Amino acid sequence: VPDTIYHLALTNNLTKSFPPIEPGSAGTIVHNYHYWSNLVSAELIRVFKLPLAATVYQYLALLVSLLIGGSAVVLGKTFGLGKVFTRWLVFFLYFFGDVLFVFIALLGKGINLNFTMLDDASQLLTGPPRAFSVVILLGGVSLLGYWIKRKDFSTGLITVLVLASLVGFKIYAGIFALVGLGFLGIFFLLKKDSKMLAPLLIFLVLCAAIYLPVNQQAGGLIFVGMWRFENFIVNPAFGLIKFELARLVYLEHGNWLKVSLLELFFTAAYFIFLFGTNLLAIFQTKKSLSKFPLEINIFLISGLIVTLVMGLFFIQKTGGANTIQFVLNDYSILAIFSALACSYWMPRFKK
């Protein structure tokens, strides 16, 4: 895909100079982009004299793929969740994707396995920033678990160093960590657990130090209501544009009941057929969630809810509809809860 050519050029640039120059724009320093994954590739190439294209497209693809599975195994062991949970988590991380082919089939348009609207696991490694961020985020959750057990400053410092690096690897994952640790900080304040707050303050300083020098006039969200779901339903592959036209007519005439019913249909179709097996994540009980410490649930669930809202109901002033990256990042977190649901419920339905 075109992005991989950009990443190749950016990595090549970083083997020679830092900060990087925008590929195709001489003398223009890269701004408003997360390029630390390219920096990792570039340093490996520069130090070990590796071939550029083979390293970016082959060696690192294999390495990061193995690290994704390895980080899933470590997460399962960190929280003592057993082999069943770990296998499900590895499965969901390697094979996640939408089930739009089911939607198309239900609409009477046959089976089309080639149509997709969001990234799936087969495309994950074409985007180095996101692929690296999955490894780092999962590793950060494991480290957070160790810090919560030990409650010592040194483990907390290592944890926030790792999680703060997400701002440089993938800003959308970095914002997830920022939200999760923000809610965790409120939790520690309410518990009057002041010794856990110092690493969180360091985390904020690190995030600012990584974000501000590179990002100029970036960010800013614009509320767009139900646009994401309306835009989904009018895709030509579905042949359902008549429903959106009907919604606009009902809206003009103030028929809010029918507008609401159509919006509900758009939203349900979006979640069911784009999220696919990730929807298993919602089938939790108090007992299944208790497999994680309360602090981990606060971190994961608060980050998940806030970033899902940001991804589904807002666009960026500078990046437009690229807020969908929030949703793509949440796929990895939903995989954790989907694995948790499967490992909890399946033994109860052996027959």
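Small disclaimer: the values here were computed from a predicted structure and weren't measured. The chain is numbered in sequence order, starting from 1.
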Next on the checklist: With clusters defined by side-chain heavy atoms of hydrophobic residues (ILVMFWY) lying less than 4.5 Å apart, directly or transitively, does Leu197 cluster with Phe203?
Outcome noted: yes

Item to check | Leu106 with Phe229, same ILVMFWY side-chain cluster at under 4.5 Å | outcome: yes

Item to check | Aromatic ring proximity Phe183/Phe299, centre distance under 6.0 Å | outcome: no

Item to check | Name of the residue among Ile210, Ile175, Leu212 meeting side-chain contact (heavy atoms from CB on, under 4.5 Å) with Val167 | outcome: Ile210

Checklist entry - Taking the six-membered ring of Phe188, is NZ or CZ of Lys191 closer than 6.0 Å to its centre and within 45° of its axis? => result no

Checklist entry - Do Val234 and Phe243 pass the side chain to side chain contact (heavy atoms under 4.5 Å, CB included) test, and can you show the C-alpha distance, the side-chain angles, and the key distance before you say yes or no? => result CA-CA 8 Å; Val234 299; Phe243 287 102; over 6 Å; no

Next on the checklist: Do Asn13 and Ser17 make a side-chain contact, defined as non-hydrogen atoms from C-beta onward lying under 4.5 Å apart?
Outcome noted: yes

Checklist entry - With a 4.5 Å heavy-atom cut-off, do Glu295 and Leu144 have their side chains touching? => result no

Next on the checklist: Hydrophobic clusters here meaning ILVMFWY residues chained together by side-chain heavy-atom distances under 4.5 Å, can you tell me if Tyr6 and Leu52 are in one?
Outcome noted: yes

Item to check | Verdict with supporting geometry, Met346 and Trp88, side chain to side chain contact (heavy atoms under 4.5 Å, CB included) | outcome: CA-CA 11 Å; Met346 291 194 74; Trp88 276 113; 3.2 Å; yes

Checklist entry - For the side chain of Ser25 and the backbone of Glu22, is there at least one donor-acceptor N/O pair under 3.5 Å apart? => result no

Checklist outcome for this item: Exactly one of Phe96, Phe92, Tyr172 clears ring-ring contact (aromatic ring centres under 6.0 Å, His included) with Tyr331, and that residue is Phe96

Next on the checklist: Checking side-chain polar atoms at under 3.5 Å, does Tyr33 have a donor or acceptor matched by the opposite partner on Asn215?
Outcome noted: no

Checklist entry - Is any side-chain heavy atom of Phe101 closer than 4.5 Å to a side-chain heavy atom of Thr116? => result no

Checklist outcome for this item: So the salt bridge (charged side-chain N to carboxylate O under 4.0 Å, His left out) pairs with at least one residue in residues 251-271 (sequence neighbours excluded) are Arg247-Glu263

Checklist entry - Are Val134 and Leu67 side-chain neighbours, meaning at least one heavy-atom pair lies under 4.5 Å? => result no

Checklist entry - His34 side chain to Gly168 main-chain N or O, any donor-acceptor pair under 3.5 Å? => result no

Item to check | Polar side chain donor-acceptor pair, Thr323 to Arg228, under 3.5 angstrom | outcome: yes

Item to check | Lys/Arg cation over aromatic Tyr344: Arg348, 6.0 Å, 45° cone | outcome: yes

Item to check | Short side-chain to backbone donor-acceptor contact, Trp345 and Phe283, under 3.5 Å | outcome: yes

Checklist entry - Can you tell if the side chain of Phe132 reaches within under 4.5 Å of the side chain of Lys170, non-hydrogen atoms only? => result no

Item to check | Donor-acceptor contact present, side-chain Ser290 to main-chain Lys287, <3.5 Å | outcome: yes

Next on the checklist: Membership question, hydrophobic clusters at under 4.5 Å side-chain separation (ILVMFWY): are Ile186 and Ile202 in the same one?
Outcome noted: no

Checklist entry - Would Met226 and Phe266 count as a side chain to side chain contact (heavy atoms under 4.5 Å, CB included) if you check the C-alpha gap in whole Å, the side-chain angles of each, and the deciding distance to 0.1 Å? => result CA-CA 9 Å; Met226 305 296 285; Phe266 300 167; over 6 Å; no

Checklist outcome for this item: Closest heavy-atom pair, Leu300 versus Phe176, reported as atoms and distance to 0.1 Å, is O-CZ, 3.6 Å

Table please: side-chain donor-acceptor pairs of residues 270-281 below 3.5 Å, with sequence neighbours left out.
none

Checklist entry - With the 4.5 Å side-chain cut-off for hydrophobic clustering, are Val259 and Val224 part of the same group? => result no

Item to check | Over 12 non-hydrogen atoms of neighbours within 6.0 angstrom of CZ in Phe223 | outcome: yes

Checklist entry - Are side-chain heavy atoms of Asn297 and Phe337 found at a separation under 4.5 Å? => result yes

Next on the checklist: When you compare the side chain of Pro199 with that of Trp147, does any pair of heavy atoms fall below 4.5 Å?
Outcome noted: yes

Checklist entry - Mind checking whether Ile104 and Ile111 have side chains closer than 4.5 Å, heavy atoms only? => result no

Checklist entry - Hey, are His7 and Asn38 close enough side-chain-wise for a donor-acceptor pair under 3.5 Å? => result yes

Checklist entry - If you take all heavy atoms of Leu125 and Ala61, which pair is closest and at what distance? => result CD1-O, 3.5 Å

Checklist entry - Is there a donor-acceptor pair under 3.5 Å between the side chain of Tyr94 and the backbone N or O of Gly69? => result yes

Item to check | Lys151 atom NZ, over 12 foreign heavy atoms within 6.0 Å | outcome: yes

